[in-house]
Amino acid sequence: MTINVHYFASLKEHIGRSKNELPYTSPLTVREVWEQSNPDILIPNNVLVAVNMDYVDWDHLVEDQDEVAFFPPVTGG
Amino acid sequence: MTINVHYFASLKEHIGRSKNELPYTSPLTVREVWEQSNPDILIPNNVLVAVNMDYVDWDHLVEDQDEVAFFPPVTGG
Amino acid sequence: MTVILYQQGFNPYQILQDYESAQLKAPEKIGATSIFIGTMRDFNEGSNVTGMTLEYYPGMTEKQLEKILQDAHSRWAIEDSLIVHRVGDILPKDPIVLVAVWSSHRGDAFDASRFIMEALKSTAPFWKKEHLNSTESRWVSHNTNGYQLKTP
Amino acid sequence: MTVILYQQGFNPYQILQDYESAQLKAPEKIGATSIFIGTMRDFNEGSNVTGMTLEYYPGMTEKQLEKILQDAHSRWAIEDSLIVHRVGDILPKDPIVLVAVWSSHRGDAFDASRFIMEALKSTAPFWKKEHLNSTESRWVSHNTNGYQLKTP
């Protein structure tokens with residue numbers, strides 16, 4: 001099973017890439033998606049997370065083919 | 001000395017005229033301006049009063065050539 | 001700070017566009033514009049309304065509207081403001097009032113535009129007479145308070 | 001209920017005029033229109049800003065904006081609503097966001113338009129990168145709360 005992970009804005013620059021795929025076998029929370037995608041980078045303060053384009057908590061469980069996105073506080077408008 | 005008195009909207013229709021002049025000799029409040037201009041008509045509820053185009057209280061004293069206006073609650077916008 | 005009374009119909013969007021390009025102060029400082037447009041509905045208090053006549057007090061109406069804008073400028077950090085109000089005979093869907101406030105930050109623009117509308121509704125000398133059909137008409141007795149509605 | 005993202009500059013007044021004549025539901029029921037326009041200033045937090053790039057999350061941005069409008073329609077008695085937002089490269093004085101709400105009564109229009117702006121500012125996935133000169137730029141770190149300002 002595979003998760004598609006996206007990063008935006010300053011977080012994308014911090015991480016050094018805009019996306020990655022994450023293969024997995026056992027149930028994963030979005031926190032674990034971050035930790036396995038970025039083993040050497042602590043989650044910065046205030047980072048937001050969405051699954052399939054809806055906001056979720058950090059203990060939300062992902063499913064096969066989910067699109068997970070991490071991004072900094074939004075600054076539109 | 002003379003006061004110019006104006007009436008607007010429903011109050012103008014109730015009084016039956018849009019204005020009158022009021023000659024006077026001793027100091028007058030705007031309440032007395034109404035009473036002397038309309039001796040047979042009680043002041044309807046909620047009537048507002050302005051002197052020289054600024055809102056005043058009913059015991060405001062008028063001066064020679066003042067423009068006094070009586071009108072119902074405003075309904076613009 | 002500008003007050004305009006119109007005897008004929010006006011297009012609020014054309015007025016805003018013209019005002020911004022010709023008269024607006026410090027456009028590069030403007031981060032927020034809050035606009036309110038009041039238009040005539042074809043119903044009020046349960047009746048169909050076919051038209052309306054807006055009476056005003058020439059001189060005092062302008063004076064009170066200018067005072068309202070001065071008051072708003074003294075209370076909030078706003079760059080410019082505009083009130084346009086229709087007088088005379090009005091038909092359903094016609095714009096009646098346009099209020100616009102320009103500021104650096106949105107809180108000031110939102111607060112000031114709403115303050116201006118509420119002050120206008122409660123103190124500017126205008127009186128609406130609604131025409132219900134060809135023979136019947138009635139004076140609107142009072143304005144309601146626009147803050148007395150559910151909020152989040 | 002309409003959401004539009006623009007890659008190029010837009011004229012908010014032209015959009016409003018076109019929307020009202022072509023798409024607005026029940027214009028004869030509309031008594032109140034509350035509009036907010038956010039434009040780019042040439043300064044922010046003490047620095048001159050020469051331009052800005054607005055990043056967004058294609059798909060999620062539209063989805064969140066539509067949710068905000070649905071939420072506003074469920075909370076207030078409003079007839080129609082519109083969000084227009086710019087993305088990509090922006091210059092000072094360019095419009096960034098347009099929010100419009102149409103309703104019968106002004107309290108609903110004022111409350112809903114402000115709610116939509118605050119929800120957009122806090123939940124819609126947009127990120128501003130400010131360009132300070134030809135070589136230097138910085139991400140805007142967070143939006144402030146538009147309700148936290150002096151009120152009358």
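Residue numbering restarts at 1 for every chain, and letters A, B, ... go by the order of the sequence lines. The structure presented is a predicted model; accordingly, all values stated were derived computationally and were not measured.
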>> Please classify the contact between Asn46(B) and chain C as side chain, backbone, both or neither, with a heavy-atom cut-off of under 4.5 Å.
In response: neither

Main chain of [Y], side chain of [X]: is a donor-acceptor contact present, judged purely on distance under 3.5 Å?
X: Ser10(B); Y: Trp139(C); answer: no
X: His85(C); Y: Gly77(B); answer: yes
X: Tyr57(C); Y: Met53(B); answer: no
X: Trp127(C); Y: Gly76(B); answer: no

> Do Phe71(B) and Met60(C) pass the side-chain contact (heavy atoms from CB on, under 4.5 Å) test, and can you show the C-alpha distance, the side-chain angles, and the key distance before you say yes or no?
Replying inline: CA-CA 12 Å; Phe71(B) 47 79; Met60(C) 180 167 176; 3.9 Å; yes

Tell me, side chain or backbone of [X] under 4.5 Å from chain B's heavy atoms, or both, or neither?
X: Thr53(C); result: neither
X: Tyr56(C); result: backbone
X: Lys63(C); result: side chain
X: Ser122(C); result: backbone

> Mind checking which of residues 60-68 of chain B sit less than 4.5 Å from chain C, heavy atom to heavy atom?
Replying inline: Glu67(B)

> Looking only at heavy atoms, what is the nearest atom pair of Val140(C) and Thr75(B), with distance?
Replying inline: O-CG2, 3.4 Å

> Can you tell me how far CG of Leu48(B) sits from OG1 of Thr123(C), rounded to the nearest 0.5 angstrom?
Replying inline: 10.0 Å

